Amino acid sequence: MVRDGVNLNRHKFYLLTIFIGVICAAFFIYNKYEPLSHAAPVSSGQENIIQSFPDPNHTSYRMGLYLDTASSTLYGKTLLATRNTTGIALKELWFTAYPNAFKNPGQSPVPANAYYSGYDPGWMKIDQLKVNGQETNYIEQGVSINANLPTEILPNTDISIEVKWQARIPRVAYRYGSKNGVYMLGNFYPALNVYTTDGWHNSYNSVFGDPFCFNCADYLVTMNIPENYGLVSTGDNVETIAEDNGRETHVIRAKNARDFCMVVMYDYTQEKAKIAYTDVKCYAPAGNLSREHEILEQSRQILNYYACTFGSYPYQEFKVVFVPMQGFHGMEYSGLIFLQEEFLQPDYNKEKSLFILAHEIAHQWWYSQVGNDQLREPWLDEGLANWSAYKYLQDMQGKKPPAVKQFPNGVNLGRELREIYSTREYYQTAYTGGEEFWFGLEEELGPEKVIKVLRRYLADYQYKIATTDNLQHVIKTEAHKDMQNYFYKWFKQ
């Protein structure tokens, strides 16, 4: 049915009025809660020392969000507070706008079978961008946004960024998209990119892998959705406010989160368990209770194994959400993972399902807690997550790891995502090659020493971004012997 112009204008005015109301309510709610804590200011003696930017100890996102299910559009306002810890005067800022990856059919990373009703675009539009109160011009470059600052920001200066934006959610079964009343909102908001001594770590479009590099931050988010929908997200839902218009606002907090992810869904059930101080939750479409309960118990056991082996799980909640997603068996976010709905089918390979579940949960340590640049060094988190999953299966399930090595003479793990040209090559390098690095290290040092390496790796780089050089330094420190020949085997090119 085609609406006439008058009705369309009324509809836009109605949405705008609601959205303004949501944002006003969001600021009221923000004031209700204590400010997110930050570390003490950097001393003036450190002004010329380049630290990772944005520094997790000085960075917070406050977002007011409104989901219009009729148009599959998410309206948002972001207040981002941080500090210039780069050691230089900043003349520009770079952001990731991942919804723009779905803007053009020829550049979309989505497999063809995920577009269940034909190609449908997704995009992000920046309506207003201000830095320290000044209007700021920006240029879109694929999934990156370059903001040219009207005034240089000196080192050790606080930065306030305001962004009004809207993002269309495409009809596609993917980590960002919607199907059957389920909105999968991974990397949905404009996120400030990382700056180090190597310069800006900017995202780009890729048909495989995770083309991201983000620092941790604190989040305080309000999300307004229709009341007949459910919401699962990173962090803790601290309050739900019912409205008299058939909608409700959820208030969510998250500390030290690598990213912020949400799922808005219809007709889902929740199973819940507890481990120590953490609530473990599983969400699945109604009618899958037995399989949902099985996955919940497996998740609890895996989470407990990793916490005892590597170090504590730091968040109050961990969530598993089954979603209609193609292109990935699973997908990791801070405090939350996606799994394909196919896992719920009675005839799905249970051994494969358990391995994938263990792999994705391992990312709560090797990605969420210890971050890495997934564009430049994808092997760091993926290879370690694979090896961790095999260790769980070996120690807790009595399953032997792979007996045949694909790379007995090593392989070049130091390849960037842009230097890998196929999904098969990506998996061979980042996953298989990465896991074999760790199996080889066990042969070199012994299993107990490798666990000591990883505990120190976690302790030294928790909530930071680690590099291959950082990892090698930790290994050499714990090994107490020359490791150059072993490293050369895996990084000889």
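The structure displayed is predicted, hence computed values, not measured ones. What you see below is based on every heavy atom in this structure, not just the backbone, and it leaves out hydrogens, waters and symmetry mates.
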Worksheet item: Under 6.0 Å from the six-membered ring centre of Tyr390 and within 45° of its axis: does the NZ or CZ of Lys399 meet both?
Response: no
Practice prompt. Flag the pair Lys449 and Glu478 as a salt bridge only when some basic side-chain nitrogen lies within less than 4.0 angstrom of an acidic carboxylate oxygen.
Written response: no
Worksheet item: At their closest point, which heavy atom of Leu417 faces which heavy atom of Ser206, and how far apart are they?
Response: CD2-OG, 3.7 Å
Worksheet item: Is there side-chain contact between Gln364 and Ile337, with at least one heavy-atom pair below 4.5 Å?
Response: yes
Worksheet item: Does the side chain of Tyr119 pick up a donor-acceptor pair with the side chain of Arg171 at under 3.5 Å?
Response: no
Practice prompt. Keeping the roles fixed (side chain from Asn193, backbone from Thr96), state whether a donor-acceptor pair exists under 3.5 Å.
Written response: yes
Fill in: Distance-only side-chain donor-acceptor flag, Tyr229 / Thr69, under 3.5 Å
no
Worksheet item: Do Lys481 and Glu444 sit within salt-bridge range, that is, some charged N less than 4.0 Å from a carboxylate O?
Response: yes
Discussion item. On a heavy-atom basis, which atom in Thr82 and which in Pro54 lie closest, and how many Å separate them?
Written reply: OG1-CB, 3.4 Å
Discussion item. Assess whether a salt bridge exists between Lys489 and Glu436, defined as any Lys/Arg side-chain N lying under 4.0 Å from an Asp/Glu carboxylate O.
Written reply: no
Worksheet item: Judged by modelled atom types alone, do Gln397 and Glu351 share a side-chain donor-acceptor pair under 3.5 Å?
Response: no
Fill in: Polar contact flag, side-chain donor to acceptor under 3.5 angstrom, Ser353-Arg291
yes
Worksheet item: Of Tyr333, Phe328, Phe343, which is the lone residue that meets ring pair (Phe, Tyr, Trp, His ring centres under 6.0 Å) with Phe338?
Response: Tyr333
Fill in: Carboxylate-amine/guanidinium proximity below 4.0 Å for Asp55 and Lys464
no
Discussion item. As a quick check of understanding, evaluate side chain to side chain contact (heavy atoms under 4.5 Å, CB included) for Tyr183 and Leu67, giving each step before the final call.
Written reply: CA-CA 10 Å; Tyr183 294 85; Leu67 176 62; 4.2 Å; yes
Worksheet item: How far apart are the C-alpha atoms of Tyr174 and Tyr176, what are their side-chain angles, what is the distance that settles it, and do they pass the ring-ring contact (aromatic ring centres under 6.0 Å, His included) test?
Response: CA-CA 5 Å; Tyr174 203 62; Tyr176 177 75; 9.1 Å; no
Worksheet item: Under the criterion side chain to side chain donor-acceptor pair (under 3.5 Å), which of Thr73, Asp127, Asp68 is the partner of Gln166?
Response: Asp127
Worksheet item: Between Arg253 and Asp236, is the closest basic N to carboxylate O distance under 4.0 Å?
Response: no
Item to complete: Side-chain contact test, heavy atoms from C-beta onward, threshold under 4.5 Å: evaluate it for Asp210 versus Pro378 and give yes or no.
Response: no
Worksheet entry | Asn84 and Thr86: side chain donor to acceptor below 3.5 Å | yes
Discussion item. Go through it in stages, so that I can follow the logic: the residues are Asp198 and Arg376, the test is salt bridge (Lys or Arg N to Asp or Glu O under 4.0 Å), and I'd like the CA-CA distance, side-chain angles, deciding distance and then a yes or no.
Written reply: CA-CA 11 Å; Asp198 297 327; Arg376 300 186 187 186; 3.7 Å; yes
Worksheet item: Just wondering, do Asn237 and Met223 contact through their side chains at under 4.5 Å, heavy atoms?
Response: no
Practice prompt. Tell me, with the steps shown, if Arg83 and Asn57 meet side chain to side chain contact (heavy atoms under 4.5 Å, CB included).
Written response: CA-CA 9 Å; Arg83 178 174 294 171; Asn57 292 320; over 6 Å; no
Worksheet item: Sub-3.5 Å donor-acceptor pair from the side chain of Ser334 to the main-chain atoms of Arg258, do we have one?
Response: yes
Item to complete: For Asp381 and Asn372, test the side chains for any donor-to-acceptor distance below 3.5 angstrom and give the result as yes or no.
Response: yes
Worksheet item: Should the ring pair Tyr306 and Trp365 be called parallel, tilted or perpendicular, given that the plane angle runs from 0 to 90° and is split at 30 and 60?
Response: perpendicular
Practice prompt. Please assess Asn215 against Ile465 for the test side chain to side chain contact (heavy atoms under 4.5 Å, CB included), listing each intermediate value before the final yes or no.
Written response: CA-CA 7 Å; Asn215 257 327; Ile465 292 175; 3.5 Å; yes
Item to complete: Flag the pair Asp120 and Arg168 as a salt bridge only when some basic side-chain nitrogen lies within less than 4.0 angstrom of an acidic carboxylate oxygen.
Response: yes
Discussion item. So does Asn256 get a backbone contact from the side chain of Asp218, meaning a donor-acceptor N/O pair under 3.5 Å?
Written reply: yes
Practice prompt. Please lay out, stage by stage, how Phe318 and Tyr313 fare under the test side chain to side chain contact (heavy atoms under 4.5 Å, CB included).
Written response: CA-CA 9 Å; Phe318 173 74; Tyr313 178 77; 3.4 Å; yes
Item to complete: Would you mind telling me which of Phe260, Tyr189, Phe214, Phe95 makes a ring pair (Phe, Tyr, Trp, His ring centres under 6.0 Å) with Tyr61?
Response: Tyr189
Worksheet item: For Gln316, does the CD atom sit with more than 12 other heavy atoms under 6.0 Å from it, leaving out its own atoms?
Response: no
Discussion item. Do Glu382 and His359 pair up side chain to side chain, a donor and an acceptor below 3.5 Å, judged on atom types alone?
Written reply: yes
Worksheet item: Is Arg418 positioned over the aromatic face of Tyr204, cation under 6.0 angstrom from the ring centre and no more than 45 degrees off axis?
Response: yes
Worksheet item: Under 30°, 30 to 60°, or over 60°: which ring-plane class applies to His363 and Tyr367, parallel, tilted or perpendicular?
Response: perpendicular
Worksheet item: Hey, are His58 and Thr85 close enough side-chain-wise for a donor-acceptor pair under 3.5 Å?
Response: no
Practice prompt. Answer yes or no: does atom CG of Asn485 have more than 12 heavy-atom neighbours from other residues, nucleotides or ligands under 6.0 Å?
Written response: no
Worksheet entry | Salt-bridge criterion met for Glu292 and Lys281 (N-O under 4.0 Å) | no
Worksheet item: Hey, what's the ring geometry for Phe439 with Trp387, parallel, tilted or perpendicular (30° and 60° as the breaks)?
Response: perpendicular
Worksheet entry | Test ring pair (Phe, Tyr, Trp, His ring centres under 6.0 Å) applied to Phe310 and Tyr392, Tyr457, Trp366, the passing residue | Trp366
Discussion item. Under 4.0 Å between a side-chain nitrogen and a carboxylate oxygen: does that hold for Lys319 and Asp279?
Written reply: no
Worksheet entry | Member of Trp438, Tyr426, Phe407, Trp379 meeting the ring pair (Phe, Tyr, Trp, His ring centres under 6.0 Å) criterion with Tyr431 | Tyr426
Worksheet item: When the ring planes of Phe437 and Tyr486 are compared, do they come out parallel, tilted or perpendicular, using 30° and 60° as the limits?
Response: tilted
